[in-house]
Amino acid sequence: KEIDEVFNDNISSFDIDTTIPFIFDQNILYSSFIQIDNTTFLSSIYNNGDNFVLRHIIDNLSTTIETGLIGDTSYTDGDINTEASYGIISEIAYDNINNLLFIIDTTHKKIRIIKYSVNQVYSLAFSTIISDTITEITINNPISLTLSTDKNTLYFSDNNKLYAADVTSILTDNFNLETTIINDND
């Protein structure tokens, strides 16, 4: 199997279809659905050109837009309610220890994060050290992501490469993550 397929088989979130009832619009496509606690789930959806992360509360059967602007598929960081916009969201992963949501924005070839402590969306950058030189890693086609059990490492795949990024710097607002290439199938 290619590295992206292996990684997809082992991620913590899972794909669902449109049979989950919460809106009667038949043009909704879900790409990720993750559990936050016993009653709350987050999902990423595409609905008639709009891209959102939704919060589903099971107890009262409510669904609210967590982040994303109607009619805006541009790439904008900022406040999760009034500024942040996304292209197609292909994957999400939640850090329940630090209250962070990682997002693959496939359209804009970015991995982004919601830092709930300040209700802001940030785009992540990745760099590695090769021969004592810091080199920026260009993301071309991010496919899958997941977090380590201790939530200190973000694993993601991009163009048949598997990466491990140290996410502990996010808590101090450093969004350029030190990253290691774990496997390179190029």
### Message
Hydrophobic clusters here meaning ILVMFWY residues chained together by side-chain heavy-atom distances under 4.5 Å, can you tell me if Val167 and Val118 are in one?
### Response
yes

### Message
For the backbone of Tyr75 and the side chain of Arg112, can you confirm whether one donor and one acceptor N or O come within less than 3.5 Å of each other?
### Response
no

### Query
Got a second to check how far Asn160's CG is from Asp184's CG, nearest 0.5 Å?
8.5 Å

#### Entry: Gly78 to Ala84 - nearest heavy-atom pair and separation
O-CB, 4.1 Å

### Query
Is there side-chain contact between Asp166 and Leu177, with at least one heavy-atom pair below 4.5 Å?
no

### Message
Please evaluate residues Thr135 and Ile130 with respect to the criterion side-chain contact (heavy atoms from CB on, under 4.5 Å), reporting the C-alpha separation (whole Å), side-chain torsions for both, the decisive distance (0.1 Å), and the verdict.
### Response
CA-CA 7 Å; Thr135 304; Ile130 301 173; 4.3 Å; yes

### Query
To the nearest 0.5 Å, what is the distance between CD1 (Ile92) and CG (Leu101)?
5.5 Å

### Query
Going from CG on Leu154 to CG on Asp95, what distance comes out if it is rounded to the nearest 0.5 angstrom?
10.0 Å

### Inter-residue atom distance Ile80.CD1 - Asn119.CG, 0.5 Å rounding
4.0 Å

### Task
May I have the step-by-step check of side-chain contact (heavy atoms from CB on, under 4.5 Å) for Ile114 and Ile103, ending in yes or no?
CA-CA 8 Å; Ile114 295 176; Ile103 299 168; 3.9 Å; yes

### Message
Can you classify the ring geometry of Tyr122 versus Phe175 as parallel (below 30°), tilted (30 to 60°) or perpendicular (above 60°)?
### Response
parallel

### Message
So which atom in Ser90 and which in Pro142 form the shortest heavy-atom distance, rounded to 0.1 Å?
### Response
OG-O, 4.4 Å

### Query
Okay, side chain of Asp158, backbone of Lys161: is any donor-acceptor separation there less than 3.5 Å?
no

### Task
Look only at the side chain of Thr172 and the backbone of Ser169, and say whether a donor-acceptor pair between them is shorter than 3.5 Å.
yes

### Message
Side-chain heavy atoms under 4.5 Å apart, restricted to Ile/Leu/Val/Met/Phe/Trp/Tyr: what other residues fall into the cluster of Ile97, or is it alone?
### Response
none

#### Entry: Non-hydrogen side-chain atoms of Tyr155 and Ile182 separated by less than 4.5 Å
yes

### Message
Looking at Ser148 and Thr153, would you say the former's side chain and the latter's main chain have a donor-acceptor pair under 3.5 Å?
### Response
yes

### Task
Could you note down all residue pairs passing side-chain hydrogen bond (donor to acceptor under 3.5 Å, both in side chains) where residues 173-182 supplies at least one of them, sequence neighbours left out?
Lys115-Asp173, Ser127-Asn176

### Pairwise side-chain contact, Lys151 with Asn96, heavy-atom cut-off 4.5 Å (strictly under)
yes

#### Entry: Tyr94 side chain near Asn99 side chain, heavy-atom distance below 4.5 Å
yes

### Query
Atom CD1 in Ile89, atom NE2 in His108: separation rounded to 0.5 Å?
11.0 Å

### Query
Going by distance alone, is a donor N or O of one side chain under 3.5 Å from an acceptor N or O of the other, for Ser123 and Asp77?
yes

### Message
I'd like to know whether the aromatic ring centres of Phe102 and Phe156 sit less than 6.0 Å apart in this structure.
### Response
no

#### Entry: Stepwise side-chain contact (heavy atoms from CB on, under 4.5 Å) test for Ile170 and Asn98
CA-CA 10 Å; Ile170 290 172; Asn98 299 302; over 6 Å; no

#### Entry: Spacing of Ile111 atom CD1 and Tyr163 atom OH [to the nearest 0.5 Å]
9.5 Å

